[in-house]
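Please read the structure below before turning to the comments.
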Amino acid sequence: MAKRAMHCKRIVVKIGTSSLIHQNGKVNLQTIDRLAYALTALNNQGYELVLVTSGAIGVGMAKLGVSTRPAAIAHQQALAAIGQSELMTLYTQRFSDYGAKIGQLLLTHDVFDYPQTRQHVLDTIDALLAQQVIPIINENDSVAVDELDHRTTFGDNDQLSALVAKQIDADLLMVLSDIDGLYDRDPNQHPGAALIPEITHLSAKILAGAGGSSTRFGTGGMVTKLKAAQTMMRAGKQMVLASGRDPRIILRIVAGEPVGTWFGNVLEQVSSDNQASNS
């Protein structure tokens, strides 16, 4: 397959809990290191990068040696508070190893619902990017809970990453997960399932065929990833869903290698190609 024309300057990368936590519940240090390396490499080339990370509760579970996610909301919030601190410590160490600067933002849906707070967040992100600082964003899991009457929770960071990407006018959203992309059938149940390299229209059939989360550590599933893709496509932007086993795949995606599943508008892609050939 030919290379994709990935014309992008501002990029949002979302990495899921399943990529950050081993099946045995331990933190995947190699993934964090490779993620820091890839993002720093692009940052050094002049790309504007935002990382949306999951993993606070998973890292908190690892820190305390807890193997089962507690049902009580307060206990989950406590794990998120412990895990978020530990997660940022790990990110700070790894990004510092490569000479990159990072900043943390913890968000709830309310931040985007209210114009004033939304603008404050967008201004902060712009100011960080202008100084070549990589913002690391997560949902504020110690605050956002489903029981509250007002809407505070994103439910998963797939939706958060798409919302952030749309609000900051990012050209590309990369969603790194525990799957290589979108398949025509569930690859866990059908060994012969085929990877779909490109999606230019999200039909009701495709949305209906998506399943739930496959790990005990995460909350997202294919449905939320397709909704994120839908958000990007409606905004005339692109999204790539790819495996997070080795985050260095980020460099391959930016280089246009046909990995994962690309979601986008063909007309937008053709327009970008024409602009590049005329410049």
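Basis for what follows: all heavy atoms, side chains included, without hydrogens, waters or symmetry-related copies.
V13 and L106 fall into different hydrophobic clusters, where Ile, Leu, Val, Met, Phe, Trp and Tyr are joined by side-chain heavy atoms under 4.5 Å apart, directly or via other members.
Distance check: Q84 CD to I136 CD1 gives 9.0 Å after rounding to the nearest 0.5 Å. Note that OG1 of T17 and CE of M61 are 10.0 Å apart. Values are rounded to the nearest 0.5 Å. In this structure, L163 CG and D158 CG are separated by 12.5 Å, a value rounded to the nearest 0.5 Å. Between the NZ atom of K14 and the OG atom of S19 there is a distance of 7.5 Å, given to the nearest 0.5 Å.
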Exercise for the section: Please report the C-alpha distance between D97 and Q93 in whole Å, then the side-chain angles of each, then the deciding distance to 0.1 Å, and finally whether the side chain to side chain donor-acceptor pair (under 3.5 Å) criterion is met. Expected result: CA-CA 6 Å; D97 287 343; Q93 291 171 347; over 6 Å; no
Exercise for the section: Start with the C-alpha distance between S54 and N157, add both sets of side-chain angles, then the distance that settles side chain to side chain donor-acceptor pair (under 3.5 Å), and finish with yes or no. Expected result: CA-CA 6 Å; S54 296; N157 280 347; 3.1 Å; yes
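With respect to the salt-bridge test (charged N to carboxylate O, under 4.0 angstrom), the residues R245 and D180 qualify.
Screening residues 161-171 for salt bridge (charged side-chain N to carboxylate O under 4.0 Å, His left out) gives D169-K237 as the qualifying pairs, with residues at least two apart or on separate chains. Listed by first then second residue, pairs satisfying salt bridge (charged side-chain N to carboxylate O under 4.0 Å, His left out) with a partner in residues 34-55 read R10-E48, R34-D246, not counting sequence neighbours. Sorted by first and then second residue, the ring-ring contact (aromatic ring centres under 6.0 Å, His included) pairs involving residues 36-92 (not counting sequence neighbours) are Y37-Y98.
Heavy-atom contacts from other residues, nucleotides or ligands closer than 6.0 Å to CD of Q104 number more than 12. Under a cut-off of 6.0 angstrom, the local environment of CD in Q45 is crowded, with over 12 non-hydrogen atoms contributed by other residues, nucleotides or ligands.
Checking each of D126, L128, L122 against T124 for a side chain to side chain contact (heavy atoms under 4.5 Å, CB included) leaves exactly one that passes, namely L128.
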